[in-house]
Amino acid sequence: MSASIVFHLLAALAYIVLSISLWRPLTRGSTRTVLNAPSRVALLCAIIVHGAGLLLTIVLPQGLHLSWALALSAAIWLGMVVFWFQSLYLRLDSLLLILLPAATIVSLLAMAFPEGHIVNHAGNEWLRIHLMIALVAYGLSTVAALHAILMTALDRQLHRPILHQEQRGLLSRVLDTMPPLLVQEELLFRLIRVSFAILTFTILSGAAVSMAIDGKLLPADHKTVFTLLSWVTFGGLLWGRKQYGWRGRVALRWTLAGFAFLLLAYTGSHFVLDVILQRGKIG
């Protein structure tokens, strides 16, 4: 068992234990989700272990190793990092009810599907910088999409008839622990603004790398097309927010559409090659 698999396994175990510790009080009727000090330290350790597993898996002696599962794992890891720093000044513990199970799943996927491909020209310093910027953009967009899904569920909950406490199911109690919708909406647009800025740098750095390597400003491949569609979608959402005050369900639909394009750009082809066609294995 390689060190990277061990680190991903340890991270998955830590995430699932923390997830159970948050979900268990809700199954017993509690309406509060609180991450105590020892749990916060454990979460930070899990994030560090997860990051070490990604580093050992992606950075290999023969070059940079990437795959659809690693892209998802890196995205959620970056999401956990963002949450950690946000939680220093905003109490968002209830968001871990979504993030922790997602982090568990992607850590296990990174273990189950280790196949991938070595990036060509990985010795190019600018290409490595471009890939790191792209992963950050992908990670922030993933967090924004998860946040949008959570807000969609909360919005539907608010429009349902009010039930007595004993009639409320687990999902209702989970949504009751979430921060107010307006607070979440402000956090969502903060994530989208940063994601859009970094996605812009991703496109610019990708164009520079493409010119240096192939002499083309923008390669005519699916990754470029879907990345540009995602950039246009997020840019259109921010413009609509500024010009027309877009919010609520309109903003959530645009966020999920932008993420879907980015998901197709970064994981779609790799999933087909690495899993369905079983290509790109490391010898």
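The figures that follow rest on heavy atoms only: side chains count, while hydrogens, waters and symmetry mates do not.
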Indicate, with yes or no, if Ile133 and Leu204 share a hydrophobic cluster defined by side-chain heavy-atom contacts under 4.5 Å among Ile, Leu, Val, Met, Phe, Trp and Tyr.
-> no
By salt bridge (charged side-chain N to carboxylate O under 4.0 Å, His left out), which residues pair with Arg247, not counting sequence neighbours?
-> Glu185
Could you tell me whether the side chain of Met80 reaches within less than 4.5 Å of the side chain of Leu100, counting heavy atoms only?
-> yes
Could you give the distance from CH2 (Trp246) to CG (Leu252), rounded to the nearest 0.5 Å?
-> 13.0 Å
Shortest non-hydrogen pair, Ala110 vs Leu70, comes out as CB-CD2, 4.5 Å
Backbone N/O of Ala69 and side chain of Ser73: donor-acceptor pair under 3.5 Å | no
With side-chain contact (heavy atoms from CB on, under 4.5 Å) as the test, would you mind laying out the steps for Leu78 and Val143 before giving the verdict?
-> CA-CA 8 Å; Leu78 286 165; Val143 178; over 6 Å; no
Answer whether the closest heavy-atom distance between the side chains of Leu96 and Leu43 falls below 4.5 Å.
-> yes
Leu99 with Phe85, same ILVMFWY side-chain cluster at under 4.5 Å | yes
Report yes if some heavy atom in the side chain of Arg241 is under 4.5 Å from a heavy atom in the side chain of Ile192; otherwise report no.
-> no
CD/Gln184 to CG/Leu191 distance, rounded to the nearest 0.5 angstrom?
-> 11.0 Å
Is the closest side-chain heavy-atom distance between Leu238 and Phe189 below 4.5 Å?
-> yes
So CG of Leu262 and OG1 of Thr142: to nearest 0.5 Å the spacing works out to 7.0 Å
Got a sec: does the CH2 of Trp254 have more than 12 other heavy atoms crowding it under 6.0 Å?
-> yes
Are Ile129 and Ser205 side-chain neighbours, meaning at least one heavy-atom pair lies under 4.5 Å?
-> no
Find the distance between NE2 (His8) and CG (Leu10) and round it off to the nearest 0.5 Å.
-> 11.0 Å
Quick check: does any side chain N or O of Ser210 sit under 3.5 Å from a backbone N or O of Gly206, one acting as donor and the other as acceptor?
-> no
Interatomic distance, CD1@Ile149 vs CG@Leu256, rounded to 0.5 Å, equals 5.5 Å
Close side-chain approach of Leu263 and Leu72, heavy atoms under 4.5 Å = yes
Would a distance-only check, ignoring hydrogens and angles, find a side-chain to backbone donor-acceptor pair under 3.5 Å from Ser4 to Leu56?
-> no
So, the side chain of His147 versus the backbone of Leu187: is there a donor-acceptor pair under 3.5 Å, distance only?
-> no
Applying side-chain contact (heavy atoms from CB on, under 4.5 Å), run through Ile76 and Leu146 and close with a yes or a no.
-> CA-CA 10 Å; Ile76 295 297; Leu146 289 173; 3.8 Å; yes
Would you sort out whether Phe261 and Trp231 count as a ring pair (Phe, Tyr, Trp, His ring centres under 6.0 Å), showing the intermediate values?
-> CA-CA 9 Å; Phe261 287 134; Trp231 182 81; over 10 Å; no
If you look at every heavy atom in Leu188 and Met151, which pair is closest and at what distance?
-> CD2-SD, 3.8 Å
Identify the heavy atoms of Ala11 and Ser107 that sit nearest to each other, and give their distance.
-> CB-OG, 4.3 Å
From Thr202 atom OG1 to Leu135 atom CG, the distance as rounded to the nearest 0.5 Å = 9.0 Å
Check the pair Trp84, Arg40 against side-chain contact (heavy atoms from CB on, under 4.5 Å), reporting the backbone distance first and the verdict last.
-> CA-CA 9 Å; Trp84 175 259; Arg40 287 186 181 278; 4.1 Å; yes
With the 4.5 Å side-chain cut-off for hydrophobic clustering, are Phe196 and Tyr244 part of the same group?
-> yes
Which atom of Leu18 lies closest to which atom of Ser21, heavy atoms considered = O-OG, 2.6 Å
Does the Ser230 side chain pair with the main chain of Phe226, one donor and one acceptor, at a distance under 3.5 Å?
-> no
Locate the shortest heavy-atom distance separating Ala144 from Thr255; write the atom from each residue and the value.
-> O-CG2, 3.8 Å
Can you find a pair of side-chain heavy atoms, one from Leu109 and one from Ile105, that are under 4.5 Å apart?
-> yes
Ring centres under 6.0 angstrom apart (Tyr15, His50) = yes
Cluster partners of Val17, using ILVMFWY side-chain heavy atoms under 4.5 angstrom, listed by chain and number?
-> Ile16, Ile20
Indicate yes or no for a side-chain donor-acceptor contact from Trp23 to the backbone of Leu97 under 3.5 Å, with no hydrogens or angles considered.
-> yes
Is there a side-chain contact between Leu199 and Leu140 (heavy atoms, below 4.5 Å)?
-> no
